[in-house]
Amino acid sequence: MALLDQTPANAGAAQEGTSRVGQWLARVHPAAWLVVVLLITLPLFANSFILIDIFGWAMILGMIALSLMFLAGYGGMVSLVQMSVAALAGYMVAIFGNSAASEISLGWPWWATLPVAIIIAVLFGTISGALAVRTEGIYTIMITLAIAAAFFYFTRQNYTIFNGFSGFNSLKPPEIFGINWRDHVPFYYLILFWAAVSYLVVIYVSRSPFGLALQGIRDNPRRMEALGFHVTAHRVAAYTFAALIAAIAGILLSWFSNQISPGTAGIGPVIDILVIAVVGGLSRPIGPFIGALVYVLLRTFSLDVLEAVGLDGSRFKLMIGLGFLLIVFFSPDGLLGLWERWKGYMARSRNEFDPLGGGER
Amino acid sequence: MQTAAERLQATGTANALEIRGVSRYFGALAALSDVSLSIKPGERRAVLGSNGAGKTTLFNCISGDFPPTSGSIRFFGEDITDFPPHERIRRGLRRTYQISLLFGGLSVIDNVYLACRGVSRGRFSLIRPRRNEALMQSASDLVNAVHLTEIQDQPVSELSYGQQRQLEVALALSGAPRFILFDEPAAGLSPAERSELIEILTSLPEHIGYIIIEHDMDVALRVVESVTMMHNGRIFKEGKPEEIESDREVQELYLGGGHG
């Protein structure tokens with residue numbers, strides 16, 4: 001047997017180059033195409049409330065939760081600092097760019113403000129990661145929670161840079177290419193574009209050497225070390241990558257809510273990101289977006305639902321909490337896990353009637 | 001620290017593995033005491049001995065999973081006693097583990113690809129590997145060599161025990177191995193899988209030497225040219241397979257029990 005010898009090139013390798021894109025497109029599920037078409041054509045039939053306050057907000061929160069999903073799902077590191085990274089990017093946009101607090105804001109043009117804001121937020125995420133990666137499990141959660149809490153109290157107490165309790169108001173997206181990005185439809189497409197880019201990049205990177213190594217480290221750090229990988233450096237790099245997504249989302253979030261303040265990254269919102277990611281499912285990048293949509297729908301409509309049945313509307317957090325408990329109780333992998341189980345159940349019940357169905361492969 | 005020229009010169013003449021007076025204590029317990037062993041380049045040797053004889057401890061010292069308490073280990077002339085595991089891997093030393101240490105969430109091919117990536121550059125690359133990339137090609141050759149091509153896209157956690165053992169062997173063959181430590185590769189395998197393993201081991205390129213820890217004498221004695229017997233952390237006897245097999249002391253000590 002010719003071990004370690006070159007075998008003849010894979011049969012499919014020759015044609016592969018020409019039709020790679022075609023093959024890739026063919027593999028996308030029809031339901032996914034439906035979602036893509038729906039999201040692109042949404043402005044044709046949805047009002048600005050549905051467009052921005054439901055889908056826009058859900059996609060922004062989904063991006064921040066996606067950055068957590070990347071760390072937790074692929075790297076096995078549950079980081080609670082992602083919301084703080086996003087908020088810092090929002091703060092930097094307010095401080096270097098324009099806001100109502102003109103005595104602090106430097107008024108830089110957008111092409112200088114945005115890259116600087118992203119770089120600073122990514123640095124913050126990386127340093128947080130460097131502090132957290134030497135710990136495992138619950139200790140990673142504790143350290144990142146401590147950093148997030150410190151960030152919250154620091155921004156609330158610091159008036160010279162972060163403008164203390166009130167933060168910054170009237171943050172608006174700039175006019176670029178003659179398009180007013182504050183308008184609902186352009187702003188919706190801006191959010192959709194970055195959410196889609198983050199989603200596709202995470203999927204792509206998950207199969208790259210860097211992403212595979214991260215999953216290897218999740219499964220077996222000791223073996224990865226022995227294979228010649230620098231486990232700590234890899235983990236820190238994962239924080240850097242995740243912080244980039246969170247930073248972009250943070251800028252969008254500050255434009256979405258027109259303001260940035262300590263409350264943006266208070267302990268509540270920090271935990272909410274974890275809830276969104278877990279409810280959606282940490283195993284695949286679509287999970288956080290599903291979780292974010294559920295969260296936004298609950299937050300927006302549970303008040304009306306509660307009052308309709310004669311309960312105090314301010315108890316919407318109870319609804320979210322109960323929903324979280326139920327989903328985690330029935331499916332450790334969130335809504336994605338429920339979906340997978342339902343699919344498996346359907347496949348099994350079909351096979352009972354169809355002895356030629358072959359069952360699982 | 002040796003210069004590169006010295007190292008090269010040493011490599012030409014030195015033994016693949018030169019273990020001198022290695023001891024390893026766990027507290028007061030001597031898992032290894034004063035073990036010395038020389039293995040020529042390309043030599044294949046079995047290490048036999050009952051449970052607790054120190055075989056796996058010896059492997060851990062050689063591979064760097066934990067360092068010896070005293071003594072020195074040279075690998076192709078280079079003193080690697082204090083090297084971390086990945087430095088030893090980069091010099092061509094490989095090992096398999098008794099308990100599979102694989103990446104359960106990744107597919108078979110990705111497991112092997114990571115092992116190939118670990119000894120090369122571009123570990124932080126964000127660009128996806130193409131099917132015809134050299135490393136991906138060598139990964140799929142290795143998967144083919146251990147007869148796992150048909151299931152190469154399955155997650156490793158879904159593999160049978162025997163298939164996981166075969167994958168362990170593929171990981172050990174990744175990169176350019178010069179010497180491999182096999183820790184009970186046949187444990188728990190079916191007879192068919194055993195003969196497959198023997199075929200894989202005997203068809204390795206001649207320059208790759210190895211040490212194999214194996215309880216199954218049928219496997220061990222068919223794939224090696226020399227045997228070292230260990231007992232209570234010491235080397236007890238060395239010789240050719242047939243000498244060891246017929247040695248009365250060895251039979252009393254090791255083959256005497258259930259092995260008849």
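This structure is a prediction, so every number in the text was calculated from the model and none was measured. In what follows, chains are A, B, ... by sequence order, proteins preceding strands, each numbered from 1.
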If you count heavy-atom pairs within less than 4.5 Å of chain A, which of B/Leu101, B/Ile89, B/Leu171 leads?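 Among the listed options, the one with the most contacts to chain A is B/Leu101.
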Counting heavy-atom pairs under 4.5 Å with chain A, the top scorer among B/Gly104, B/Gly105, B/Pro85 is B/Gly105
Flag the one option from A/His230, A/Arg218, A/Arg222 with the top tally of heavy-atom pairs under 4.5 Å to chain B. A/Arg222
Which atoms of [X] come close to chain A, meaning under 4.5 Å heavy atom to heavy atom: side chain ones, backbone ones, both, or neither?
X       : result
B/Asp65 : side chain
B/Arg88 : neither
B/Arg90 : side chain

For [X] and [Y], does a side-chain donor sit closer than 3.5 Å to a side-chain acceptor?
X        : Y        : value
B/Ser190 : B/Glu193 : yes
B/Asp183 : B/Thr56  : yes
B/Ser226 : B/Glu43  : yes

B/Phe66 ring center near B/Phe26 ring center (under 6.0 Å):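 Between B/Phe26 and B/Phe66, which both carry aromatic rings, the centre distance is below 6.0 Å.
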Decide if the gap between the ring center of B/His86 and the ring center of A/Phe229 is smaller than 6.0 angstrom. no
Do the rings of A/Phe70 and A/Phe241 sit parallel, tilted or perpendicular, given the 30° and 60° boundaries?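 It falls in the tilted class, 30° to 60°.
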Using heavy-atom distances under 4.5 Å, tell me whether A/Ala213 contacts chain B through its side chain, its backbone, both, or neither.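 Both backbone and side chain.
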